[in-house]
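If you're wondering where the values come from, they're calculated on a predicted model, not measured in any experiment.
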Amino acid sequence: MKTCLIIDDSRVIRKVSRHILESLEFSVDEAENGKEGLDKCQVTMPDVILLDWNMPVMTGIEFITQLRKHEGGDKPKVVFCTTENDVAHIREAISAGADEYVMKPFDHETLQIKLQLVGMA
């Protein structure tokens with residue numbers, strides 16, 4: 001079973017994302033900020049990470065920069081989940097190591113398409 005770590009400070013977004021991912025037969029774990037997510041990745045590296053952009057403690061950009069430096073940190077597919085839709089933000093996310101991005105709010109079909117684009121659905 002594929003694994004996904006949802007890193008988002010919104011409990012509602014984590015709950016909705018978990019529901020979608022479990023319906024796609026993913027095993028799901030959650031973290032409410034980048035630091036907590038990085039700690040979980042050091043224990044077990046997931047196949048996919050859904051990553052929020054704006055979070056307290058450690059932002060999504062800070063998280064992915066740190067993740068990609070860790071051994072095995074190049075393996076997970078990272079999908080940024082953000083309300084930021086300008087080209088500069090998207091370019092920054094991809095440059096930092098993201099594989100794809102999805103705009104909030106997203107639905108089942110949109111997330112499934114993004115996961116297909118990174119080879120995970």
Test item: D39 and Q42 side chains (from C-beta on) under 4.5 Å apart, heavy atoms: yes

Ionic contact status for K40 with D29, cut-off 4.0 Å: yes

Heavy-atom pair of closest approach, residues P46 and T3: CA-OG1, 3.2 Å

P76 side chain reached by M45 side chain, heavy atoms, under 4.5 Å: yes

Gap separating the NZ atom of K77 from the CG atom of L50, nearest 0.5 angstrom: 14.0 Å

Side chain to side chain, I49 and C41, heavy atoms closer than 4.5 Å: yes

Salt bridge (Lys or Arg N to Asp or Glu O under 4.0 Å) between D74 and K69, worked out: CA-CA 8 Å; D74 58 330; K69 292 177 183 174; over 6 Å; no

Over 12 foreign heavy atoms within 6.0 Å of NE2, H19: no

Steps toward side chain to side chain contact (heavy atoms under 4.5 Å, CB included) verdict (F80, I90): CA-CA 9 Å; F80 255 107; I90 294 164; over 6 Å; no

Heavy-atom pair of closest approach, residues L51 and G60: CD2-O, 3.4 Å

Electrostatic pair R68-D99, nearest N-O below 4.0 angstrom: yes

V48 side chain near F26 side chain, heavy-atom distance below 4.5 Å: yes

Short N-O contact, E25 and K2, less than 4.0 angstrom: no

Between CH2 on residue W53 and OG1 on residue T59, distance to nearest 0.5 Å: 8.0 Å

Check: D107 side chain, T110 main-chain N or O, donor-acceptor pair, under 3.5 Å: yes

Derivation and outcome, salt bridge (Lys or Arg N to Asp or Glu O under 4.0 Å), residues D9 and R14: CA-CA 8 Å; D9 59 323; R14 290 194 314 269; over 6 Å; no

salt_bridge(D47, K75) N-O dist < 4.0 Å: no

Reported CG-to-NE2 distance for the pair L21 and H108, which is rounded to 0.5 angstrom: 8.5 Å

T82-H89 side chain donor-acceptor pair, cut-off 3.5 Å: no

Gap separating the CZ atom of F106 from the SG atom of C81, nearest 0.5 angstrom: 4.5 Å

Gap separating the CE atom of M55 from the CZ atom of F63, nearest 0.5 angstrom: 7.5 Å

Minimal non-hydrogen separation, A96 against T65, with atom names: CB-OG1, 4.4 Å

Closest non-hydrogen atom pair, I64 against A98: CD1-N, 3.2 Å

Candidate list V28, V102, I6, test side chain to side chain contact (heavy atoms under 4.5 Å, CB included), partner S17, passing option: I6

Side chain to side chain contact (heavy atoms under 4.5 Å, CB included) evaluation trace for D8 with K104: CA-CA 12 Å; D8 199 303; K104 289 181 183 178; 2.8 Å; yes

Connected via hydrophobic side-chain network under 4.5 Å: V79 and L24: yes

Spacing of I7 atom CD1 and M58 atom CE [to the nearest 0.5 Å]: 9.5 Å

hydrophobic_cluster_shared for I113 and Y101, side chain cutoff 4.5 Å: no

